[in-house]
Participant: 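Quick one: the structure is below, questions incoming.
Keep in mind that what you see is a predicted model, and the values were worked out from it rather than measured.
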Amino acid sequence: MDIFNNQESKGQSANGVNNNKTEGSQNNASGEKQAQLISSDLQSNLDMLHTRLGKSPDIVIRRLGDPADGMNRNSQQFALVYVDGLVNGASVNELIAELSKQTERDMNKLQNGEKFYQFLKNHALAAGGVTETDQEDKVLLSIFNGNVVVLVDGCATSLLADMAGGNLRSVEEPSSQTVIRGPKDGFTESLRTNTSLIRRKIKSPDLRIDAKVIGTQTKTNIAVVYLKGVAKEEIVQEIHRRLDSIQIDGVLEGAYIEEFIQDAKITVFPTMINTERPDAASAGILEGQVVIIVDGSPFVLLMPVTFFKFFQSSEDYYQRYDISTFLRMIRYVSFLVSMLLPSLYIAITTFHQEMLPTTLLIGLAAQRDGVPFPALLEALLMEMTFEVLREAGVRMPRVIGPAISIVGALVLGQAAVQAGLVSGAMVIVVSFTAIANFVIPAINMAIAARLTRFLLMLLGATLGLFGIISGLMFLLIHMASLRSFGFPYMAPLAPLSYNSLKDIFIRVPWWKMNTRPEAATDNIARQENAGQSNPSDHPSNS
Amino acid sequence: MKKITGIIVLLLACSLISGCWNRIELNELSIVSATSFDFNGNKWVNSYQVIIPSAISSGTGLAGGGGSQSPVTVFSTEGRTIREAVGKSSMETPRQMFFAHNSAIIISEEVARHGINEILDLHYRNTDARETVSILITQGNARSILERLVHTEKIPGQGIRGILSNESRNTSIVPSVMLYELAMAISSDGKGAVIPEIVFAGNDEDGRSLDVLKKTYEQAKLRIGRLAVMRGDKFAGWLTREEGLGVSFIANKVRSSNLAFRCKPGDKTYNMTFRLQTSATKLKPTLRNGKMTMGIDIKGAGYLLESNCVTDLTQPAAVKQLEQQLQEEVKQMVIRSWEAAKRLKVDVFGFADAVHRKYPREWRRVKNNWEETFSKIQIEPHIKISMDRVGLTSKTFKSSNSDNAR
């Protein structure tokens with residue numbers, strides 16, 4: 001726990017956002033070189049800033065009380081330093097006005113720097129969070145985190161006032177994971193907003209937010225959020241250990257971290273879920289999962305996860321359990337379809353024609369008359385066409401979207417069939433495969449199906465159904481060997497746990513969901529009256 | 001990492017080295033919808049009815065069209081053995097013969113007289129030909145059956161199968177026989193089997209051209225005829241349709257049927273029709289003083305379809321009386337078919353199995369001489385058919401009219 005404390009305080013000073021906690025130099029992070037301290041001379045401090053920051057126009061240094069300006073030469077000199085755009089302009093203006101007024105009034109009492117500093121710290125600085133530091137690096141970092149640094153002549157420490165602001169996207173509906181019923185708020189690029197969104201949902205004192213800074217250049221703020229007492233202690237520690245070992249110049253999205261800390265390095269299957277939805281993140285936290293929020297990205301990471309987690313959507317829990325169960329079945333089927341349909345089509349039409357009903361066989365044979373390519377090539381051609389269309393659809397400007405969809409649907413679909421390049425059945429197979437792929441709620445799992453599809457197509461075209469089954473066996477063995485932070489990926493099927501099955505293939509009603517899945521927690525009791533039935537059952541009714 | 005790459009390369013090589021040896025594209029297949037077997041001297045003449053997919057399904061792209069094209073083409077090959085003849089087909093067709101979707105086998109009477117062992121053997125030996133193919137027999141040239149088009153069905157082979165299954169489901173006079181059923185019957189204790197006959201009715205030149213599909217009536221058509229009886233794998237004789245229904249009753253193969261019967265014992269004409277919906281037969285052999293008796297218990301149920309007889313069907317006694325008439329009718333049918341089987345000396349009913357099961361010791365004694373024993377069996381038909389419903393009207397129009405007249 002000692003390590004945690006250390007990291008906690010270190011992170012706070014870096015953020016400059018946790019309030020009313022003076023910080024000395026005693027919390028030097030280990031392993032860093034001897035920290036540069038700021039001097040007591042204001043001018044030399046400002047010179048230092050000039051040297052280290054260059055002459056960037058967005059860095060504002062506001063000197064006040066300079067006798068060179070013709071002011072009272074007894075006045076105390078100090079300077080405010082901040083980055084324009086990272087601070088809330090109105091607050092800074094207000095702060096400066098307030099400071100001028102107060103220092104004017106109490107000027108005579110504040111002859112020396114030390115007194116003036118104390119006065120600023122205790123009375124005059126009109127900001128919520130004020131910390132102090134005497135290290136150059138921390139001063140610089142806090143400037144970039146949206147603090148206003150106050151340097152006082154004759155004082156070898158500086159005050160850091162949290163004025164973070166500027167233009168940020170507001171909380172909007174998530175664009176990637178929409179629901180019909182359910183909360184419409186989504187994470188934003190601001191870490192602080194994101195933690196507040198989770199805090200708003202889980203008002204438990206046990207909710208822990210551990211701060212971290214990763215990236216030698218970007219100094220990206222990272223928050224590790226979990227529910228103490230529910231999340232497994234060793235998993236939280238393991239996550240901290242893995243995060244601490246990351247050495248990289250910059251972290252711009254959670255994906256950077258995901259690739260560093262995932263268990264299996266070579267696999268198509270994701271072992272972490274990312275979500276834009278605070279409710280999904282909160283639900284994960286309540287089940288003992290740990291959430292990693294990366295400043296600058298609205299996607300947060302949830303871990304540990306099992307394979308089946310990727311087929312659960314937030315809306316499963318907001319709609320009635322019957323329709324949720326039905327939809328979940330559809331998702332599993334769609335996953336198999338999007339992975340297997342083209343390969344099955346190839347294998348059956350080129351190796352196992354006897355498996356088709358006669359009428360269908362004749363229909364397919366008629367369509368294939370005049371198609372010049374073998375079924376595999378035909379399928380690859382259409383699959384690649386679709387992948388190209390899909391990529392184009394994601395990358396191209398919105399304005400020309402309709403043009404591309406017309407070209408895609410008409411030219412590549414219908415015209416390719418009429419030109420005799422591909423058979424009509426193949427177009428149906430590829431389109432259904434593509435549509436089925438979009439049913440999977442987690443994009444990264446959909447991508448896994450997309451990639452394995454091509455492998456299975458090759459196997460199906462060379463070895464028939466035997467090849468497909470071999471490929472699936474290989475996949476299954478691989479999946480069973482995967483771990484997500486030490487927890488088996490295929491749980492609760494392998495190893496089997498009946499208790500956790502209530503939210504896998506079916507979604508039981510909430511009043512039956514009395515335990516948490518065992519993946520991420522040892523504390524599985526979810527409801528006080530675990531094991532009892534529907535609360536709406538009146539005792540007299542039975 | 002090197003190891004993993006090596007394994008992946010090896011795996012890929014595995015799938016490529018195998019070389020897709022039995023891969024075949026759909027447009028390289030000659031889908032056979034029916035085959036026939038004839039004899040020419042001592043050579044097998046196989047005929048194949050091959051589907052032309054583009055003529056059936058309009059398709060798309062270059063392979064458009066259809067409609068004016070014949071949906072099938074028929075050709076024959078000759079060989080000393082069946083598979084030799086099949087092998088020769090590659091000299092005549094650009095595509096590989098594909099038998100998995102074969103729906104009917106037509107054998108000529110001549111082939112049946114020679115024996116059908118070879119046909120059974122090759123269907124069991126090979127994976128491409130299925131045992132679930134329907135088997136039919138015809139007098140004369142079997143190939144000519146393949147050349148006929150069937151109204152309403154585009155593929156004649158499937159049409160033949162459709163006629164057969166429709167008939168056996170709704171009339172049960174002639175059972176639908178699949179190749180595996182035939183093989184089972186031949187290898188059973190009784191060694192007797194039946195094969196439905198398919199006949200071509202009409203002018204021999206008709207029914208081969210697409211013109212037949214342009215008329216609203218069929219001058220020339222395929223229809224199910226009699227029942228061929230096999231003793232072992234060889235042809236033994238014919239049963240008529242009426243005898244066929246009796247065979248179906250005894251052999252427990254009736255699913256449902258329309259039975260015409262007389263209202264009263266003295267009636268000259270058949271004036272009632274009964275729809276039999278369920279029927280089950282139990283064979284109960286008894287051996288007394290060295291004489292074999294075969295109890296044939298038939299239980300059935302159904303409803304009245306048609307009545308042209310003045311009876312008050314609201315009275316249970318009247319219904320009872322009708323049931324008795326019906327049972328008598330079925331009994332006569334059973335006796336007639338038994339006589340016919342005795343005439344041919346072929347146990348097409350499965351009596352042998354029933355005897356073997358009940359008297360395994362005596363069976364050993366009689367099995368070498370089963371034909372003789374079979375023809376000496378006494379049969380005791382017990383028929384119980386219940387008339388569950390008499391339809392929406394209980395009286396006939398005749399009776400209600402006479403009420404009004406009075």
Participant: How close do Glu354(A) and His101(B) get, counting heavy atoms only, and between which atoms?
Facilitator: CA-NE2, 3.7 Å
Participant: Answer yes or no: are there more than 12 heavy-atom neighbours, outside Phe260(A) itself, under 6.0 Å from its atom CZ?
Facilitator: yes
Participant: Step through the shown structure and confirm whether more than 12 heavy atoms of other residues, nucleotides or ligands are within 6.0 Å of NZ on Lys3(B).
Facilitator: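 No, not enclosed.
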Participant: Counting heavy atoms not belonging to Phe474(A), are there more than 12 under 6.0 Å from its CZ?
Facilitator: no
Participant: Heavy atom to heavy atom, less than 4.5 Å: which residues from residues 372-381 of chain A reach chain B?
Facilitator: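 Answer by number: Pro374(A), Ala375(A).
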Participant: If I measure from the heavy atoms of chain A, does Phe98(B) come under 4.5 Å with its side chain, its backbone, both, or neither?
Facilitator: side chain
Participant: At a heavy-atom separation under 4.5 Å, does Ile52(B) approach chain A through its side chain, its backbone, both, or neither?
Facilitator: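 For Ile52(B), there is no contact with chain A at all, as no heavy atom is under 4.5 Å.
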Participant: Ignoring hydrogens and geometry, is there a side-chain-to-backbone donor-acceptor pair from Gln353(A) to Ala100(B) under 3.5 Å?
Facilitator: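 No: the side chain of Gln353(A) does not pair with the backbone of Ala100(B).
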Participant: Measure across Asp369(A) and Ser54(B) and return the closest heavy-atom pair with its distance rounded to 0.1 Å.
Facilitator: OD2-CB, 3.7 Å
Participant: To the nearest 0.5 Å, tell me how far Glu25(B) CD sits from Ile346(A) CD1.
Facilitator: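 Answer rounded to 0.5 Å: 9.0 Å.
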Participant: Could you tell me which portion of Gln158(B) (side chain, backbone, both or neither) has an atom closer than 4.5 angstrom to a non-hydrogen atom of chain A?
Facilitator: side chain
Participant: Given the options Leu455(A), Leu421(A), Leu361(A), Leu364(A), which has more heavy-atom pairs under 4.5 Å with chain B than any of the others?
Facilitator: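 Answer, by heavy-atom pair count under 4.5 Å with chain B: Leu361(A).
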Participant: Take atom CD of Gln414(A) as the centre, draw a 6.0 Å sphere, and report whether it contains more than 12 heavy atoms from other residues, nucleotides or ligands.
Facilitator: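 Atom CD in Gln414(A) is not crowded, with 12 or fewer foreign heavy atoms closer than 6.0 Å.
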Participant: Examine whether an atom of Ile266(A) lies under 4.5 Å from a heavy atom of chain B, and if so say whether it belongs to the side chain, the backbone or both; otherwise answer neither.
Facilitator: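 When you check distances to chain B, only side chain atoms of Ile266(A) fall under 4.5 Å.
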Participant: With a cut-off of 6.0 Å (strictly less than), are more than 12 heavy atoms of other residues, nucleotides or ligands near CZ of Phe454(A)?
Facilitator: yes
Participant: Where do Ile362(A) and Ile155(B) land on the side-chain contact (heavy atoms from CB on, under 4.5 Å) test, with the steps shown first?
Facilitator: CA-CA 10 Å; Ile362(A) 293 164; Ile155(B) 305 161; 3.1 Å; yes
Participant: If you look at every heavy atom in Ala365(A) and Leu26(B), which pair is closest and at what distance?
Facilitator: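 The pair with the smallest heavy-atom distance is N-CD1, 4.0 Å.
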